[in-house]
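All chains are named by letter (A, B, ...) in the order of the sequence lines, taking the proteins before the strands, and each is independently numbered beginning at 1.
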Amino acid sequence: MTGGPVAKITKRSEDYSQWYIDIVTRAEMADYAPVKGCMVIRPWGYAIWERMQRALDDMFKDTGHSNCYFPLMIPQSFLAKEAEHVEGFAPECAVITHGGGKLLDEPLVIRPTSETIIWAMYKKWIQSWRDLPLLYNQWANVVRWEMRTRLFLRTSEFLWQEGHTAHATSKEAMEEAERILGIYRTFSEQWMAMPVLSGRKSEGQKFPGADTTFTIEALMQDGKVLQAGTSHYLGQNFAKAFDVQFQNRDGQLEYVYATSWGVSTRLVGALVMTHSDDAGLVLPPKLAPVEVVVIPILKADADNAGILAAAYRVAEPFGDDVRVRVDDRDNVSPGWKFNEWELKGVPIRIEIGPKDLEKQQVVLVRRDTGKKTPTPMDAISFQVPGVLEEIQDGLMKKAKERLEAGCRAADTYESFQKAMDEVGGFIYAPWCGSRECEDRVSEETKATIRLVPDTAEDCGVCMVCGKGPAKRVPFGRAY
RNA sequence: CGGGGCGUAGCUCAGCUUGGCUAGAGCGCUUGGUUCGGGACCAAGAGGUCGGUGGUUCAAAUCCACUCGCCCCGACCA
């Protein structure tokens with residue numbers, strides 16, 4: 001393929017939403033599928049997801065989790081066993097009524113999440129305290145019949161991982177839920193270079209079937225916020241619904257304590273919205289499918305064979321440490337390649353032309369700053385790892401500054417609404433803790449309580465009802 | 001489900017108001033040649049049941065009816 005996008009992408013200042021769509025489609029991360037609300041994840045987008053998977057999977061394994069796989073189809077009755085769960089998910093389930101040309105005795109739902117089928121199995125596998133904890137994870141696809149979809153951020157079918165653990169004590173399960181939240185936070189910050197706020201969800205925002213939901217929340221460039229990952233302490237809700245009991249050390253029967261947690265391909269969308277600019281995608285090196293692209297610049301009157309050889313020689317010493325690609329296509333011009341790789345977000349470009357060959361140097365260009373640095377050819381392989389680190393850190397620093405600038409405080413409902421309309425972001429405002437006040441804010445301003453920080457300070461009276469005591473919690477308009 | 005938009009070449013679209021000759025452009029694609037340090041150029045080509053069905057008419061991409069689909073904005077949500 002020498003073709004591809006020629007048109008410029010929409011500027012963020014003109015139409016943020018269109019800018020996002022342009023980047024995702026023109027960087028060939030994803031395309032609309034023939035099925036409404038569904039997308040095809042193309043190789044460039046999938047490679048980013050694979051990088052994410054690998055990093056997360058390593059962290060899950062390092063904390064004692066094992067991967068497994070449960071079926072896509074769940075008997076409809078399973079979903080109904082947990083009251084809040086069915087209420088939350090039934091409306092958005094795809095249901096299979098026929099198979100093999102016959103009406104099924106019982107319809108099957110395509111999993112919107114797998115708690116129910118997993119707990120049906122856990123009932124078989126758990127009898128004793130010695131069987132616990134069960135620390136399982138699966139990488140899977142799920143389907144939720146969403147009304148309004150958006151590439152990567154919300155599609156009818158999406159890819160994710162879902163962890164499902166079973167524990168002998170409440171304390172242990174709660175620790176697990178918090179441990180995973182920590183993993184999500186670490187991954188987000190260290191791999192995605194995406195700073196987040198973390199904490200508990202309010203009653204109104206928690207997962208259907210959970211006692212406590214922990215969340216990480218990120219700030220996008222347009223001032224909207226995004227839930228990037230959740231970890232749930234499920235208490236004994238699913239154990240009771242599926243009658244999963246174990247005998248404890250004292251010989252007593254007890255219901256198992258549970259957690260579930262997940263992150264999805266939404267993270268790819270979050271990545272786009274966190275770092276990218278009007279020239280296209282900007283990838284943090286750790287998640288970039290290609291970290292360095294080497295572009296030989298060939299000319300009619302130059303030593304093209306020498307330039308090509310030099311390009312390969314420059315790429316060679318990186319070995320497995322750095323993901324390098326030499327773009328030796330001869331059917332597109334260097335300028336075309338520059339634009340294409342910028343659009344695709346590759347962190348470092350190395351140019352080698354006749355002038356460079358003469359001076360035994362290359363030109364190193366950073367995607368994040370656009371800065372061009374002539375570098376001696378024999379020094380490049382030593383310098384690149386450091387520059388990649390600088391880019392990774394620089395992206396984090398910039399994103400962190402934006403997050404900090406995006407966190408503001410408001411004391412009155414009026415100033416809160418004003419701040420929400422003018423700048424968005426996370427507005428910290430006093431809230432009494434009641435569902436009524438939370439719902440009223442949500443209805444009137446479309447902003448929701450993103451989380452309740454563990455360290456939330458007491459701060460006088462609620463901005464809505466005027467009653468105290470109130471805690472300061474961040475509100476935001478979410479994707 | 002409400003509001004808006006769009007279905008004509010792989011992509012972006014023009015043509016439709018006021019029906020008419022062989023349905024067009026740019027980009028992309030193929031072949032050959034010259035190029036190549038920020039989206040190169042020349043030449044020759046390939047590529048279309050104008051979303052679908054029905055109707056009006058001598059004649060429909062164009063007018064009428066019905067219908068299908070997708071995208072964007074909003075309500076719901078990872």
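In this structure, Trp191(A) and Phe187(A) have parallel ring planes: the angle between them is below the 30° cut-off, well short of the 60° mark. Below 30°, between 30° and 60°, or above 60°: for Trp119(A) and Tyr122(A) the angle between ring planes is above 60°, a perpendicular geometry. Tyr257(A) and Tyr233(A) have parallel rings, their planes meeting at less than 30° on a 0 to 90° scale where 60° marks the start of perpendicular.
On the P atoms, G51(B) is 13 Å away from G10(B), given to the nearest whole Å. Between G5(B) and G52(B), the distance separating the two P atoms is 22 Å to the nearest Å. A9(B) and A14(B): their C1' atoms are spaced 13 Å apart (whole Å). Separation of the P atoms belonging to C36(B) and C16(B) is 44 Å when rounded to the nearest angstrom. One P atom belongs to C72(B), the other to C66(B), and the distance between them is 27 Å to the nearest Å.
Side chain of Asn339(A), nearest nucleotide from A78(B), G39(B), G37(B): G39(B). The side chain of Pro334(A) has G37(B) as its nearest neighbour among A75(B), C72(B), G37(B). For Lys36(A), whose side chain is taken as the heavy atoms from C-beta onward, the closest listed nucleotide among C36(B), C70(B), G38(B) is C70(B). The side chain of Glu342(A) has G38(B) as its nearest neighbour among A78(B), G74(B), G38(B).
As judged by a 4.0 angstrom heavy-atom cut-off over every strand, Gly262(A) is placed among residues making no nucleic acid contact. Using a 4.0 Å heavy-atom criterion, one finds that Val363(A) contacts the bases of the nucleic acid, with or without backbone contacts as well. Residue contacts shown for Lys446(A) are limited to sugar-phosphate atoms, with no base heavy atom under 4.0 Å away. Among the heavy atoms of the strands, none lies under 4.0 Å from Thr230(A). Residue contacts for Thr155(A): at a heavy-atom cut-off of 4.0 Å it reaches a base atom on one of the strands shown. Among the protein residues, Pro91(A) comes within range of no part of the nucleic acid, since none of its heavy atoms lies under 4.0 Å from any strand. Across all strands, Ser17(A) comes closer than 4.0 Å only to sugar-phosphate atoms, never to a base (heavy-atom distances). Within 4.0 Å (heavy atoms only), Ile21(A) reaches sugar-phosphate atoms of the nucleic acid but no base atom.
Residue Tyr32(A) places at least one side-chain N or O closer than 4.0 Å to OP1 or OP2 of C72(B). OP1 or OP2 of C76(B) has not a single side-chain nitrogen or oxygen of Arg150(A) nearer than 4.0 Å.
Side-chain rings of Tyr136(A) and His164(A) stay apart, their centers remaining 6.0 Å or farther from each other. Ring pair Phe89(A)/Phe207(A): centre-to-centre distance below 6.0 Å.
A donor N or O paired with an acceptor N or O is not found under 3.5 Å between the base of G39(B) and the side-chain atoms of Glu340(A).
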